[in-house]
Every structure is written in C-alpha cells, then in structure tokens.
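Reviewing the structure listed below.
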There are 2 protein chains.
Amino acid sequence: MMETAIFSALAEPHRLRIVELLKNGPLTVNEIAERLQIRQPQASKHLRVLLEAGLVEVEAVANRRNYRLRSEPFQTLYDWLKPYLNVWNERFDNLDIYLQKLQAQEDDQPE
Amino acid sequence: MMETAIFSALAEPHRLRIVELLKNGPLTVNEIAERLQIRQPQASKHLRVLLEAGLVEVEAVANRRNYRLRSEPFQTLYDWLKPYLNVWNERFDNLDIYLQKLQAQEDDQPE
DNA sequence: ACGGAATATTCTTGTAAAGGAATATTTAAA
DNA sequence: TTTAAATATTCCTTTACAAGAATATTCCGT
C-alpha cells in the first residue's frame, strides 16, 4: 500500500514550489527562500520535511547546502498512479467486450 | 502551476485507501465505512473532501450514493509528474553531451 | 582568534483539520 | 403514515502544523 508521506510533503504550497524549482537543478537554502519570498528558517523547515519524506537530498559544500531532487519517490508516485490511468480504458474495454458478445448472440439467433 | 488540492486530499491515509478501493469500481458510503473500519460520518466527511477536490463523483440512487473515481485529476497528476520522470535522464544526457564535447576538444588539441 | 555568512533549531502562537457523538434529512418499505 | 435504512451535517475536543521571532551552529576569510 502507498505511503502518504509523499502526498503530505507535496500538499503544502511552498513545498510544492520548492520541488518545482529543484526540477531545474540543485539550489541552496537562501536561493530557495529568495525565490519563494519566504524567510530562511521557513525554507529550512520545509526542506527538512521534504528531506524526511525522501523527496530531496543534501550535499554540504562549506557552509552551504545544495538541495536536489531524488528520483525514487517520483518513480514510486508513477508506479502508484499508473493503474489509475488505465482504469477508464479498461472499463471501456469491458463494455466493448460486452457489446461484442451481445453482437455474437444476435448473429446466432437472428430475429 | 499545480494545485495542492489533489495532494492534500490524498495525504490523509483513510482517503488514500478510499481512492484505492474505488479503483475497482463504485461503492456506497456504508460499503466504504465497513471496509475501512471507520464510522459512517467519517466516511461521509472524507468523501466530501474527495468530492470537493474533484477526485470522485456521486450518483444518487434512492437513498444510496454511489461514489466513483473521476479520471481528470489523475490525468492532471500524471501531466505534472511526467517532466520529473525525465529529469534524471536529461541530466545524464547533458553529461553525455558534455563528455562528447570534451572528447572533441581532445581530438582538436592532442597532447 | 574573530566576525560575518549560511543554515538549523527552538519556542510560541494561531489555525486547520480529524475523530467522536449526536442529530437532521431523505427515501423505501410496511 | 409510521418506521427503518442510508447518508449528511453540526458541535465539540484534540491534535498537527505552519509562520514568526529569537537563537544556536558551522564554516570561511581576515
């Protein structure tokens, strides 16, 4: 069963924007705080949540921290999502098969 | 920019399980409450959140309500997710191109 | 060793949201 | 037209969490 940690992490608007920013490559805490127009401590806190959810990883360079996306949770998300994308097609397929059977019956027993 | 409504809705464990249940087809409120081992009012409340997030739709049949998944939010989610799935490949491609350029330079200026 | 920059942490406060209990509403059945 | 079933809503309490302010920590340059 899917964990809700990923969804919780992405449910906060600032954190979602951080993830979208990091799509273009690693950023430091101050860069993120600056672009989101939030204060540094809030940026650090949100990054901590993203870190604990496994969405990002850090690389310490001197007194800076480069945060970057991790691929795994996105793959997890995709694996979870995939079946849903097919649900409606499958339902249609089932209807399709049903109609074909109906047609076959009519062929067997013409009025 | 992506809305956080979908993520918030899925961030609650009971609601995530409801969505996973509905993958197999529509269910009534009591059926859901029963399978999740929660009380009916909580089921109704969670379904209301899912409804307002656009994840499910209702069909009233007598005094029962059949809840079913809507396809749109899952498509939205996929469209949002798609670019992330390619990010790491692209990074690798860029590295690849960089290495090719490096190789080309070495060819121009052999030691 | 000292000062400043970059980041993390702690404490507090306000707010949103989840669960429980009780009740209201609608519909079918007797 | 009562009664029961299915569902929704309201009120209350508790908990989780986001933001602000202040402070701690770590590292570089001088």
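Because the structure is predicted, anything quoted here is derived from the model rather than measured. In what follows, chains carry the letters A, B, and so on, assigned in the order in which the sequence lines appear, proteins first and then strands, with residues in each chain numbered from 1.
Put simply, CD on Glu34(B) is 15 Å from C1' on dT7(D), counting in whole angstrom units. When the C1' atom of dG19(C) is taken as reference, atom CD of Gln37(B) falls 16 Å away, rounded to whole Å. Leu27(B) has its CG atom 15 Å from the P atom of dA6(D), to the nearest Å. Asn30(A) has its CG atom 11 Å from the P atom of dA5(C), to the nearest Å. Across the protein-nucleic acid pair, Asn63(B) atom CG and dA6(D) atom C1' stand 5 Å apart, rounded to whole Å. The separation between Leu50(B) atom CG and dT7(D) atom P is 16 Å, rounded to whole Å. Atom pair Arg64(A):CZ and dC27(D):C1' shows a separation of 11 Å (rounding to whole Å applied).
When atom types are taken as modelled, the side chain of Arg70(A) and the backbone of Gly54(A) share a donor-acceptor pair closer than 3.5 angstrom. Side-chain atoms of Gln42(A) never come within 3.5 Å of backbone atoms of Arg39(A) as a donor-acceptor pair (strictly under, hydrogens ignored). No donor-acceptor pair under 3.5 Å is formed between the side chain of Arg65(B) and the backbone N or O of Val58(B).
Arg15(B) has a side-chain polar atom (N or O) that falls below the 4.0 Å cut-off from OP1 or OP2 of dA18(C).
Comparing Asn66(B) and Val49(A) along DNA chain D, the residue whose closest nucleotide (by nearest heavy atom) sits nearer the 5' end is Asn66(B). Residues Ser8(A) and Glu31(B) each lie close to DNA chain D; by heavy-atom proximity, the contact nearer the 5' end of the strand is made by Glu31(B).
Two residues are said to be in side-chain contact when any heavy atoms from C-beta on lie closer than 4.5 Å; Leu69(B) and Phe74(B) meet this criterion.
Across Glu20(B) and Trp80(A), no two heavy atoms sit closer than the pair OE2-NE1, 3.0 Å. Taking each heavy atom of Leu50(A) and Ala9(A) in turn, the nearest pair found is CD2-CB, 4.1 Å.
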Each nucleotide N or O in nucleotides 19-25 of chain D that has a protein N or O under 3.5 Å away: list the pair and distance.
| unit_1 | atom_1 | unit_2 | atom_2 | d |
| --- | --- | --- | --- | --- |
| dA19(D) | OP1 | His14(A) | ND1 | 2.8 |
| dA19(D) | OP2 | His46(A) | NE2 | 2.7 |
| dG20(D) | N7 | Gln42(A) | NE2 | 3.0 |
| dG20(D) | O6 | Lys45(A) | NZ | 2.6 |

